[in-house]
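The next block holds one structure in the form of structure tokens; read it before the comments.
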2 protein chains.
Amino acid sequence: MPERQSAPGRARDRLLRAASDLFYADGIAATGIDTITERAGVAKQSLYNNFPSKAALVSAYIDARHDEWLALYEVRQQASDDPVAGVIAVFDAYIDHASTAYEYGFRGCGLLNAAAELSAGDPGRAAVRRHKAQVESLLCAHLNDIYPEQPERAARIGKHLAFLLEGAIARGGLDGNANCLHAAKAIATDLLEQS
Amino acid sequence: MPERQSAPGRARDRLLRAASDLFYADGIAATGIDTITERAGVAKQSLYNNFPSKAALVSAYIDARHDEWLALYEVRQQASDDPVAGVIAVFDAYIDHASTAYEYGFRGCGLLNAAAELSAGDPGRAAVRRHKAQVESLLCAHLNDIYPEQPERAARIGKHLAFLLEGAIARGGLDGNANCLHAAKAIATDLLEQS
DNA sequence: CGAAATAGGTAGGTCAGTCTACCTAGTCCT
DNA sequence: AGGACTAGGTAGACTGACCTACCTATTTCG
């Protein structure tokens, strides 16, 4: 009897996974409660037992997506303590994350797409901003190791690489594939080598 | 009697302008027909006399936003025939475009935000992709003038600058201001000078 | 038992799009 | 010149679909 249907927390996981897939693929506003519960194979009330509202589910989606990326980054990063490799690990983490979404096609950064749908004051937007700030600060930390005597240069290149990466993700999302991400990784590699 | 209320095309212009403001500030799905007609000061039926559907209005919004950008670029570009200035004109056009939206706060690239809300097969997404391709090809054209003997180098730097610009716009939209755009312009200027 | 799940329905609201009925300013035709 | 016609506008009701959120009643399982 491997299928337990009513283990506690199981419905929550299924809901969050289904919602993540649908929010990413179709957008937040275009995804209704019934679609989520149906895909999760869960009763509608189970959603409201585990999340106070759809907005809370959206918020959990944003946090989960950030955590996913961070886990992928740490796997990539811990393989080496070369700071150049650390910078590249940031790019690889996004490439890895993109490939997990390949089933329904790459749509760019789920967090950025979510932010585009949220109103100006929504706390979700702040969470997305926090994610982007953390990525940039990871880049800067590695660059400070590469240029230990030039903190402002490190900060400048950190911003440069953050914009490069962000743009590649956005463009890749338009195209529906991760080619741009690989191109950006190559550009970043060159940039670090030549300087 | 200076106010003609029923001049042909007048309602269409007012609708497109109102819809553009609202789509950009609040998103497409979050903006209803009634909100648009109310802001335009126009009857609902006038919308359906001028546009077959909301989707057509969205499509017109995307085209209009691209045309706006192109007009701003041409003003910036025609001031000089220095190819480096031509590259910078692309950045300046986005800075100019951002300042037109300052009334309600900068929200990044309206076309990219729209694409995030459109489903995979929507023709609007193709229009956005066309806009991005045109921007990159303008960059590459200037770079081909800068490096006339190195077309592949020009193409590579063109992609680099396109990603840089795209990322800066996206990040600026999260922050709600155009600071990132100015930073990216400075980075691009450096990049062209040092090489 | 009791916590957590299930199926399914309901309330209240919003949205896109249609419809009716009326108004106004030009244009055409005799 | 003047009446009829037309194009494009206004106001507002209305339909059918869908959405979030809540509710009821029942069942599963540790």
Side-chain angles (χ1 to χ4, degrees), chain A residues 1-62 114 117-119 121-124, chain B residues 1-62 114 117-119 121-124:
Chain A
M1 200 62 55
E3 287 294 336
R4 293 186 311 166
Q5 287 193 339
S6 58
R10 185 154 167 76
R12 197 194 138 93
D13 289 348
R14 295 177 59 83
L15 280 162
L16 186 51
R17 161 160 293 243
S20 293
D21 289 352
L22 291 164
F23 287 160
Y24 182 76
D26 301 333
I28 292 170
T31 302
I33 292 294
D34 292 332
T35 312
I36 294 170
T37 54
E38 187 186 357
R39 180 173 179 124
V42 140
K44 198 190 314 195
Q45 185 58 32
S46 294
L47 193 154
Y48 288 97
N49 288 343
N50 288 282
F51 300 93
S53 67
K54 184 188 178 182
L57 186 54
V58 171
S59 175
Y61 158 63
I62 290 173
E117 288 199 65
L118 298 175
S119 61
D122 193 293
Chain B
M1 200 62 57
E3 287 293 336
R4 293 186 312 165
Q5 287 194 339
S6 57
R10 184 156 167 78
R12 197 195 139 94
D13 289 348
R14 294 177 59 82
L15 280 162
L16 186 51
R17 161 160 293 243
S20 293
D21 289 352
L22 291 164
F23 287 160
Y24 181 76
D26 301 333
I28 292 170
T31 301
I33 293 293
D34 293 333
T35 311
I36 295 169
T37 54
E38 187 187 357
R39 181 175 179 122
V42 140
K44 193 194 295 206
Q45 187 58 32
S46 295
L47 194 156
Y48 288 98
N49 287 344
N50 288 282
F51 300 93
S53 67
K54 183 186 179 184
L57 186 53
V58 171
S59 175
Y61 158 64
I62 290 173
E117 290 199 64
L118 299 175
S119 60
D122 193 293

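Below, chains carry the letters A, B, ... as their sequence lines are ordered, and counting in each starts from 1. Every value quoted in this text rests on a predicted model; they were computed, and no experiment measured them. Values below: every heavy atom of this structure, side chains too, minus hydrogens, waters and symmetry copies.
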Grab the [atom1]-[atom2] distance between [X] and [N] for me, whole Å please.
| X | N | atom1 | atom2 | result |
| --- | --- | --- | --- | --- |
| A/Leu22 | D/dC19 | CG | C1' | 15 Å |
| A/Asn49 | D/dT24 | CG | C1' | 13 Å |
| A/Arg14 | C/dA5 | CZ | P | 12 Å |
| A/Leu15 | C/dA4 | CG | P | 15 Å |
| A/Leu57 | D/dA21 | CG | C1' | 14 Å |
| A/Arg10 | C/dT6 | CZ | C1' | 15 Å |
| A/Arg12 | C/dA3 | CZ | C1' | 17 Å |
| A/Ile36 | D/dC19 | CD1 | P | 10 Å |

May I ask you to evaluate whether A/Asn50 reaches the phosphate of C/dA4, defined as a side-chain N or O under 4.0 Å from OP1 or OP2?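 No, no such contact exists.
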First of A/Ser46 and B/Pro52 reached from the 5' end of DNA chain C, by closest nucleotide: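 With A/Ser46 and B/Pro52 compared, the 5'-side residue is A/Ser46.
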How many angstroms lie between atom CZ of A/Arg14 and atom CG of A/Asn50, to the nearest 0.5 angstrom?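 Rounded to the nearest 0.5 Å, the CZ-CG separation comes out at 12.5 Å.
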Write out all pairs satisfying salt bridge (Lys or Arg N to Asp or Glu O under 4.0 Å) with one or both partners inside residues 40-49 of chain A, taking only residues at least two apart or from two chains.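 Output for this query lists A/Asp34-A/Lys44.
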Suppose the criterion is salt bridge (Lys or Arg N to Asp or Glu O under 4.0 Å): which pairs have a residue in residues 50-59 of chain A, not counting sequence neighbours?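 Non-adjacent pairs meeting salt bridge (Lys or Arg N to Asp or Glu O under 4.0 Å): zero.
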Run the side-chain contact (heavy atoms from CB on, under 4.5 Å) test against B/Ser53 and tell me which residues pass, sequence neighbours left out.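 Result, side-chain contact (heavy atoms from CB on, under 4.5 Å) vs B/Ser53: B/Ala55, B/Ala56.
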With sequence neighbours left out, what residues match B/Thr31 under side-chain contact (heavy atoms from CB on, under 4.5 Å)?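 With neighbours one apart ignored, the set is B/Leu22, B/Phe23, B/Asp26, B/Ile36.
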Options D/dA11, C/dT6, D/dC23, nucleotide nearest the side-chain atoms of B/Gln45: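 Side chain of B/Gln45 sits closest to D/dA11.
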Enumerate all atom pairs, one protein N or O and one N or O from nucleotides 14-16 of chain C, separated by less than 3.5 Å.
from: C/dA16; atom 1: OP1; to: B/Lys54; atom 2: NZ; distance (Å): 2.8
from: C/dA16; atom 1: OP2; to: B/Ile33; atom 2: N; distance (Å): 2.6

Should A/Leu57 and A/Leu16 count as side-chain neighbours, where that means a heavy-atom distance under 4.5 Å? yes
Residues two or more places apart in sequence or in another chain: which of them pass side chain to side chain donor-acceptor pair (under 3.5 Å) with A/Gln45?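 In terms of side chain to side chain donor-acceptor pair (under 3.5 Å), with neighbours along the sequence ignored, A/Gln45 is linked to A/Asn49.
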